[in-house]
Protein chains: 2
Amino acid sequence: MARSDTRYREAYNRILTYCETLPPKAPIPSETRLAEIAGVSRTVIRRCLTRLEELGLISWQGRDKHLLRQPRAEDRIAVPEAAADPSDLEQRFLDWVLRFDVPANTPLSVAELSRTFEVPQYDLKEFLAGLSRFGLVSRRPQGGWMLLGFTKDFAIELSDFRSVLEQNAVSQVVEAPVDHPVWAGLAQLRADHLALKQAIDRDFHEFSKLDERFHQTINSVVRNRFIAEFQKVISLIFHYHYMWDKTEEKHRNAAAIDEHLAIIDALEARDAEAARDAALRHLRTSKTTLLSSLRHHDLG
Amino acid sequence: MARSDTRYREAYNRILTYCETLPPKAPIPSETRLAEIAGVSRTVIRRCLTRLEELGLISWQGRDKHLLRQPRAEDRIAVPEAAADPSDLEQRFLDWVLRFDVPANTPLSVAELSRTFEVPQYDLKEFLAGLSRFGLVSRRPQGGWMLLGFTKDFAIELSDFRSVLEQNAVSQVVEAPVDHPVWAGLAQLRADHLALKQAIDRDFHEFSKLDERFHQTINSVVRNRFIAEFQKVISLIFHYHYMWDKTEEKHRNAAAIDEHLAIIDALEARDAEAARDAALRHLRTSKTTLLSSLRHHDLG
DNA sequence: TTTATGTACTAAATAATTAAATGCAAGACA
DNA sequence: TGTCTTGCATTTAATTATTTAGTACATAAA
């Protein structure tokens, strides 16, 4: 019942690797130096040295440390399997919510989620605390957490907020210098949109990816930590719902392609007002799509 | 080493209060009913009932429960001092950061913060995890947390983000129906601004409060959980820095009053474009002020 | 004087533990 | 017979205790 000693184990192996580079009988550097090499504190280094001495790899008396023999493969210490990295927990969590269409006001059990995602409970708690800032989850008075999201109100507010951010992004694109990578990106996007428009009867479901790329390109111009954080969540949610609402998908995607092209036209003409108008039209369509996809889920 | 039984203790006292309303020898409702009354689970209610029986307050056999005597003051159970409520932890934390001018890239010790704010470490971790979503703090590789905020970049990005949100708010105010409370608020603000303008030589430091109220009023029109969450943080940061930058405070505040009045004029004339222009001018001034206050802190 | 180690203390991560919640089955009562 | 209630068992969550790791200072060696 205490923290794991992974840090020590990893440091130990790193020190072994370092020792392999030393000539036989070489003196071992100071604790401080080793701490720098392994990127840990002296406390950990001393544990490593103790073990090295016990295994007869080094002699250690006072400040006199010498390598006794070359490290072998079996000297290495086992490092516990790195748990599924919690870095993309957000992606996987939202994926789970959206894929299984978890309804609003579902109580979330940390214990259960911890099993599902194979992530320690405390990582999850930290993660949920973060999401609560976005109003996606909240604490329940009896303890535990509750999924709030994906009500109609949520969708409306999310769409509105997205509109605000994207209107701003569009304004910034117009101001971007000619050598900004966004222009190359938009040129490519125009070509890809036109290509898909030709093959829309067959490849209409390819649009979802293109849509995501389109919005990402436009937003890439905005360098803002606050906005960037939100964009990740927003794009994921829209991406999924867009994919799932199958009603008139082909027709809807064809229309969206034209809306995108209108935005690209206005941007390349550096016409701020026209671009904002075109973007607004497109975002309104998106909002409607998101809302209708929610409605279908509710009914079905 | 386990969770506290505060919940049980509070529930017990609540049940006592309920019993006081009952006539002598009255039957006690079912466990489920009591659970509803006290807002806890049946498990807690059973602990309460056990104690009530032990103290001879009730008889309890099977599902037959009767009140034996009226509860007295000394029957109440002691509830551990409610720790300083963690709800306004955010306020107090930001207050601390800003008041002591904690520099960027300061390591934050959960243990120390826990003592400072008299909040369990547990709560703090959750809180910091939330703040990390706003890019105010981040995890350190060696463990622990680190305060990121209040560099120049941070201030710029925060200001820009604020501009985006407020431009949007201003656009919404113009569209607000005539009976919306914002119009009364603005009328009052106009009067207060004019009054302060008269007495600016003496009361110029009163402006900070007025500024906060002004921005709050405008943003109150926007009903959006995402934006609301940010506004709290943003307004606090600007509020403090505004108060502290003493350079030319009087002149600066006088100018800001005029900028506010210009915005109010445009809003009341329902002139969206003029309002956005006026807001933009004011937000640019604010940004400059925030940046210059940072510069002074760096030099001092 | 400088640098390394010894020692002591502080802090963070996390498993263990108890409080609380919940689900299910059987019994009581109408 | 059906509904409400309680008894029992299991699961979950909050919080502490404990171990690992980091850090500061004293002391000793070079």
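Values in this document were obtained by computation on a predicted structure and should not be read as measured data. Computed from heavy atoms alone, side chains included, the values below leave out hydrogens, waters and symmetry copies. Letters go in sequence order (proteins before strands), and every chain restarts at 1.
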Take atom [atom1] of [X] and atom [atom2] of [N], then tell me their distance rounded to the nearest Å.
{"X": "Tyr122(A)", "N": "dT19(D)", "atom1": "OH", "atom2": "P", "value": "17 Å"}
{"X": "Asp64(A)", "N": "dA30(D)", "atom1": "CG", "atom2": "P", "value": "9 Å"}
{"X": "Arg42(B)", "N": "dC24(C)", "atom1": "CZ", "atom2": "C1'", "value": "11 Å"}
{"X": "Glu31(A)", "N": "dT23(D)", "atom1": "CD", "atom2": "P", "value": "15 Å"}
{"X": "Gln121(A)", "N": "dA14(D)", "atom1": "CD", "atom2": "C1'", "value": "11 Å"}
{"X": "Arg139(B)", "N": "dT14(C)", "atom1": "CZ", "atom2": "C1'", "value": "12 Å"}
{"X": "Arg46(B)", "N": "dA21(C)", "atom1": "CZ", "atom2": "P", "value": "14 Å"}
{"X": "Glu112(A)", "N": "dT11(D)", "atom1": "CD", "atom2": "C1'", "value": "11 Å"}

May I ask you to say what [X] touches in the nucleic acid, namely base, sugar-phosphate or nothing, with a heavy-atom cut-off under 4.0 Å?
{"X": "Ser30(B)", "answer": "sugar-phosphate"}
{"X": "Ile45(B)", "answer": "nothing"}
{"X": "Arg9(A)", "answer": "nothing"}
{"X": "Arg47(B)", "answer": "sugar-phosphate"}
{"X": "Arg115(A)", "answer": "sugar-phosphate"}

Worksheet item: In Å and rounded to the nearest 0.5 Å, what is the NZ to CG distance from Lys152(B) to Leu291(B)?
Response: 7.0 Å

Item to complete: Could you grab the distance from atom CG of Asn13(A) to atom CD of Glu10(A), nearest 0.5 Å is fine?
Response: 8.5 Å

Fill in: Among dT23(D), dT6(D), dT20(D), the one nearest Ser41(A) by side-chain distance
dT23(D)

Fill in: Closest nucleotide among dA13(D), dA12(C), dT6(D) to the Val110(A) side chain
dA13(D)

Worksheet item: Donor-acceptor pair under 3.5 Å: do we get one between Thr43(B)'s side chain and the base of dA21(C)?
Response: yes

Discussion item. Would the base of dT5(D) count as contacting Arg63(B) through its side chain, where contact means a donor and an acceptor less than 3.5 Å apart?
Written reply: yes

Using a cut-off of less than 4.0 Å, is there contact between a side-chain N or O of [X] and OP1 or OP2 of [N]?
{"X": "Arg7(B)", "N": "dA21(C)", "result": "yes"}
{"X": "Ser4(B)", "N": "dT18(C)", "result": "no"}
{"X": "Thr32(B)", "N": "dC4(D)", "result": "no"}
{"X": "Arg3(B)", "N": "dA17(D)", "result": "no"}

Worksheet entry | Arg76(A)-Thr17(A) side chain donor-acceptor pair, cut-off 3.5 Å | yes

Item to complete: Starting from the 5' end of DNA chain D, give me the residue, Val44(A) or Trp60(B), whose nearest nucleotide shows up first.
Response: Trp60(B)

Worksheet item: Closest nucleotide of DNA chain D for Trp145(A) versus for Arg140(B): which of these residues is on the 5' side?
Response: Trp145(A)

Is it true that the NZ or CZ of [X] lies under 6.0 Å from the centre of [Y]'s six-membered ring and within 45 degrees of the ring axis?
{"X": "Arg92(B)", "Y": "Phe117(B)", "result": "no"}
{"X": "Arg51(A)", "Y": "Tyr12(A)", "result": "yes"}
{"X": "Arg225(B)", "Y": "Phe154(A)", "result": "no"}

Worksheet entry | Closest-nucleotide ordering on DNA chain C, the 5'-leading residue of Lys65(A) and Ala111(B) | Lys65(A)

Worksheet item: Considering heavy-atom distances to DNA chain C, does Asp5(B) or Lys125(B) have its closest nucleotide positioned more toward the 5' end?
Response: Lys125(B)

